[in-house]
Amino acid sequence: MDVKAAVAFAPSQPLSIETVQLEGPKSGEVLVEIKATGVCHTDAYTLSGADPEGLFPAILGHEGAGVVMEVGDEVKSVKVGDRVIPLYTPECRQCEYCLSGKTNLCQAIRITQGKGLMPDGTSRFSLNGQMIHHYMGTSTFSNYIVLPEIAVAKIREDAPFDKVCLIGCGVTTGIGAVINTAKVEPGANVVVFGLGGVGLNVIQAAKMVGANMIIGVDLNSKKRELAEKFGMTHFVNPSEVEGDLVPYLVDLTKGGADYTFECIGNIKVMRQALECCHKGWGVSVIVGVAGAGQEISTRPFQLVTGRVWKGTAFGGAKGRTDVPKIVDWYMNGKINIDDLVNKIMPIEQVNEAFDLMHKGEVIRTVLTF
Ligand code: APR
Ligand code: ZN
């Protein structure tokens, strides 16, 4: 079938809206009509050419929501008409990783997904006979996509696409980091570095679980107001702190934070986030994605004396199990997504959406079809 997609033909070039050919679902796969998609930094990172695993030509996008239009043989968990969120981290419930109960990093389709292909080793997208890669197993910058059944989360039918699409990445990443990875408990003191879409979700989850101090750190003081709306109790702009940031934060938390979250992707900040943790038990979670090849460092003494360094992908969430719950939280007013969506525009304006993100003027732009 013919579909409308924003195609990335080469690194650092604007995306181009094209009529692309899409093959239908095979056994165990579903066809999904994408209704809305967020534009996330990971899309921009791959488009920039800096991502060593980036493949071109490709259809980017991984933060979407839509409706099942057709199912292949053997598909049992979803049916035509179901609302779904595509999962770049699938959940097969059968592989060693899923069965461990210790991780969300399902490996069932990892190898082909990393090559921009469906599990059978082919792409369903082509343009005039030329193969186009899938991206993160999702490619939500296309109005129709094919996904393995294990890579869709069925959600309730009254969920608005242009908000819950963010649960496909940023919202779940931030909330999950608090709930699944750090397991923040009531009364804990928390420091969040970076108050973008991810950091704001860390803040609202910290508030939800009953954290005591929720300190936000950002170089941009304009982020303060919205972060307070999400539950931040103290704001720190490192450029306004006299002396080093780490002792300042240790002082503010009276001995160090119980939990810290790096939501920027800056390796220097990752070190600060670890070192402002409380001696004996403070846990620092790396949420932001650093550039390829970068390395973190600290003195091992920091770990010997009880601080813990962790990382999280997709907030440690098991997509098919956890994503529908987070959609319910949004629908029940437990979490705020509306204030994360600053602009909604048609897919035709995808390049403008990237410009807005680079200027830092929006938390998220959502594209519709
Ligand atoms: N110290 C403090 N704050 C900083 C610093 C710094 N050195 N550098 C950047 N910031 C702030 C920015 O001002 C911005 O408010 O960090 C925030 C980052 O927010 P966004 O750019 O909106 O990024 P976000 O979408 O939240 O993603 C954060 O997570 O998913 C990953 O790839 C993504 O690594 C990125 C991170
Ligand atoms: Zn699995």
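Computed from a predicted structure; not experimentally measured. All ligand and atom numbering here is 1-based and tracks the order in the structure.
- Nearest protein neighbour of atom 19 (O) of ligand 1, counting heavy atoms only, is G196 CA, 3.3 Å.
- The atoms of ligand 1 that sit less than 4.0 Å from any heavy atom of R364 are 25 (O).
- F125 and H134 have their aromatic ring centers within a separation under 6.0 angstrom.
- Residue contacts with ligand 1, taken as heavy atom pairs separated by less than 4.0 Å, involve N266 solely via side-chain atoms from C-beta onward.
- At a 4.0 Å heavy-atom cut-off, ligand 1 does not touch T173 at all.
- By the criterion of a heavy-atom distance under 4.0 Å, neither the backbone nor the side chain of E262 is placed next to ligand 1.
- On a distance-only criterion, V289 and ligand 1 share at least one N/O pair closer than 3.5 Å.
- Closest to atom 13 (O) of ligand 1 by heavy atom, among V39, V202, D218, is D218.
- Counting heavy atoms from C-beta outward, M118 and K26 have side chains that stay 4.5 Å or more apart.
- For T140 and E63, the side-chain atoms include no donor-acceptor pair closer than 3.5 Å.
- Not one N or O of V287 is nearer than 3.5 Å to an N or O of ligand 1, by distance alone.
- The CE atom of M69 sits 13.0 Å away from atom CD1 of I145, with the distance rounded to the nearest 0.5 Å.
- Rounding to the nearest 0.5 Å gives a distance of 9.0 Å between CD1 of I203 and CZ of F230.
- Close contacts of ligand 1 with N220, meaning ligand atoms under 4.0 Å from a residue heavy atom, involve 13 (O).
- Summary of contacts: the protein heavy atom closest to atom 33 (C) of ligand 1 is H41 CB, 4.0 Å.
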Tell me, with the steps shown, if Y88 and F314 meet ring-ring contact (aromatic ring centres under 6.0 Å, His included). CA-CA 9 Å; Y88 59 83; F314 196 44; 5.1 Å; yes

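- By the neighbour-count criterion of 12 heavy atoms within 6.0 Å, atom CG of N351 is densely surrounded, having more than that number from other residues, nucleotides or ligands.
- Using a 4.0 Å heavy-atom cutoff, C263 is listed among the residues neighbouring ligand 1.
- Looking at N104 and Y97, their side chains never bring a donor and an acceptor atom within 3.5 Å of each other.
- E185 and Y259 are linked by a side-chain donor-acceptor pair at a separation below 3.5 angstrom, with hydrogens and angles left out of the test.
- Of all protein heavy atoms, the one lying nearest to atom 29 (O) of ligand 1 is G288 CA, 3.6 Å.
- Polar contact with ligand 1: present for V198 (N/O pair, distance under 3.5 Å).
- Taken to the nearest 0.5 Å, the OG atom of S239 stands 6.0 Å off from the CG atom of L219.
- Given atom 1 (N) of ligand 1, the protein heavy atom at minimum distance is L219 CG, 3.6 Å.
- The line from CD of Q294 to CD1 of I267 is 4.5 Å long, rounded to the nearest 0.5 Å.
- Ranking the protein heavy atoms by distance from atom 9 (C) of ligand 1 puts I264 CG2, 3.6 Å first.
- Distances below 4.0 Å separate heavy atoms of G194 from the following atoms of ligand 1: 16 (O), 17 (C).
- The K223 neighbourhood of ligand 1 comprises atoms 15 (O), with distances under 4.0 Å to a heavy atom of that residue.
- Residue contact annotation: M357 has no non-hydrogen atom under 4.0 Å from ligand 1.
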